[in-house]
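One structure is given below, encoded as structure tokens.
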Amino acid sequence: MSVVSAVPFMKPLHMRSPVPQGRRHTLPASEFRSLSPEDAISVFEIEREAFISVSGECPLHLDEVRHFLTLCPELSLGWFEEGRLVAFIIGSLWDQERLSADALTLHKPHGPTVHIHVLAVHRTFRQQGKGSILMWRYLQYLRCLPYVRRAVLMCEDFLVPFYQKSGFKVQGPSDITVGPLTFIEMVYPVRGHAFMRRNSGC
């Protein structure tokens with residue numbers, strides 16, 4: 001299921017003349033949609049540049065990106081500008097209270113928790129608030145999925161304030177380490193917004 005843009009592409013009420021044959025359609029200026037395995041290379045290129053320069057590690061390698069976009073594409077969200085991917089989120093389902101090493105590679109189809117593996121923004125579009133906007137849209141989308149009760153993620157210390165602004169709460173240190181890297185686990189309660197779901201057109 002894709003998430004539509006807040007500013008839909010408006011068609012004119014009256015056409016003055018027919019569109020000439022062969023004319024190219026203009027791509028929407030901004031589009032939000034679920035990702036597919038065909039988007040994997042674009043996703044990985046953005047992720048690799050964003051994370052390798054900071055921590056030296058990617059949350060997901062290319063084969064893992066393809067893995068999750070094949071198993072659960074509905075738990076991903078990409079932001080496209082004129083057809084170009086500029087930011088994305090990839091998630092999967094998890095079935096335990098806290099994340100374990102298995103959560104890094106497994107998708108539990110009946111789990112009530114969305115594990116957000118990665119959020120990344122293309123380098124030329126950073127410092128524009130796109131990460132916060134994309135996360136807000138993603139969390140609103142999760143509220144439309146009746147089986148989702150909460151979202152969890154793990155991040156490095158310096159990113160905790162960013163996710164707190166989106167409504168995530170600190171659960172404590174994560175049991176997962178990647179080389180020398182340690183993480184904080186954070187949670188966002190999706191359950192409890194039943195009224196919003198009933199009145200949001202989900």
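Below, all heavy atoms of this structure are taken into account, side chains as well, without hydrogens, waters or symmetry copies.
- Qualifying ring pair (Phe, Tyr, Trp, His ring centres under 6.0 Å) partners for Phe168, counting only residues two or more places apart in sequence or in other chains: Tyr163, Tyr188.
- Minimum heavy-atom separation, Cys144 to Pro146: O-CD, 3.4 Å.
- Taken from CD in Glu74 to CG in Leu93, the straight-line distance is 7.0 Å, to the nearest 0.5 Å.
- Enclosure of atom CD1 in Ile41 is not indicated, since only 12 or fewer non-hydrogen atoms of other residues, nucleotides or ligands lie within 6.0 angstrom.
- With sequence neighbours excluded, the residues forming a side chain to side chain donor-acceptor pair (under 3.5 Å) with Glu38 are Ser36, listed by chain and number.
- Hydrophobic clustering, with ILVMFWY side chains joined whenever heavy atoms are under 4.5 angstrom apart, keeps Phe44 apart from Phe51.
- For the atom pair OG of Ser174 and CG of Leu153, the computed distance is 10.0 Å after rounding to the nearest 0.5 Å.
- Hydrophobic clustering (ILVMFWY, side-chain heavy atoms < 4.5 Å, transitive): Val43 and Leu71 are in distinct clusters.
- Taking each heavy atom of Pro37 and Thr70 in turn, the nearest pair found is CG-OG1, 3.4 Å.
- Nearest heavy atoms, Glu81 versus Ala29: OE1-O, 2.6 Å.
- Taking CG from Leu75 and CD1 from Ile90, the interatomic distance works out to 10.5 Å, rounded to the nearest 0.5 Å.
- Taking the side chain as every heavy atom from C-beta outward, Phe80 and Leu35 approach each other to under 4.5 Å.
- There is a side-chain donor-acceptor pair under 3.5 Å between Arg143 and Gln140.
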Requested in this report: Step by step, work out the side-chain contact (heavy atoms from CB on, under 4.5 Å) result for Glu156 and Leu181.
Outcome: CA-CA 8 Å; Glu156 293 182 75; Leu181 301 178; 3.8 Å; yes
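- Between the OH atom in Tyr138 and the CZ atom in Phe88 there is a gap of 12.0 Å [rounded to 0.5 Å].
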Requested in this report: In sequence, state the C-alpha distance, the side-chain angles, and the governing distance for Trp94 and Gln96, and then conclude on side chain to side chain donor-acceptor pair (under 3.5 Å).
Outcome: CA-CA 6 Å; Trp94 183 240; Gln96 298 177 27; 4.7 Å; no
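- Ile176 and Phe183 make their closest contact through O-CD1, 3.4 Å (heavy atoms, listed as atom of the first residue, atom of the second, distance).
- With hydrophobic clusters built from ILVMFWY side chains whose heavy atoms lie under 4.5 angstrom apart, Val65 shares a cluster with Leu85.
- Looking at residues two or more places apart in sequence or on another chain, you find a side chain to side chain donor-acceptor pair (under 3.5 Å) between Gln128 and Lys130.
- For residues 176-187, the set of pairs meeting the salt bridge (charged side-chain N to carboxylate O under 4.0 Å, His left out) definition, not counting sequence neighbours, comprises Arg98-Glu185.
- The salt bridge (charged side-chain N to carboxylate O under 4.0 Å, His left out) analysis of residues 58-72, with sequence neighbours excluded, yields no pairs.
- One hydrophobic cluster, built from ILVMFWY side chains closer than 4.5 Å, cannot hold both Leu106 and Tyr147; they sit in different ones.
- In this structure, Ser76 OG and Arg33 CZ are separated by 8.5 Å, a value rounded to the nearest 0.5 Å.
- Residues Trp79 and Trp136 do not share a hydrophobic cluster, defined by chaining ILVMFWY side chains whose heavy atoms lie under 4.5 Å apart.
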May I have the list of side-chain donor-acceptor pairs in residues 110-125 shorter than 3.5 Å, sequence neighbours left out?
| from | atom 1 | to | atom 2 | distance (Å) |
| --- | --- | --- | --- | --- |
| Thr113 | OG1 | Arg150 | NE | 3.1 |
| His115 | ND1 | Ala103 | O | 3.1 |
| His117 | NE2 | Ser92 | OG | 2.7 |
| His122 | ND1 | Thr124 | N | 3.2 |
| His122 | ND1 | Thr124 | OG1 | 2.9 |
| His122 | NE2 | Arg84 | NH2 | 3.2 |

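- At least one side-chain heavy atom of Val160 sits under 4.5 Å from a side-chain heavy atom of Met186.
- The line from CD of Glu47 to NE2 of His61 is 8.5 Å long, rounded to the nearest 0.5 Å.
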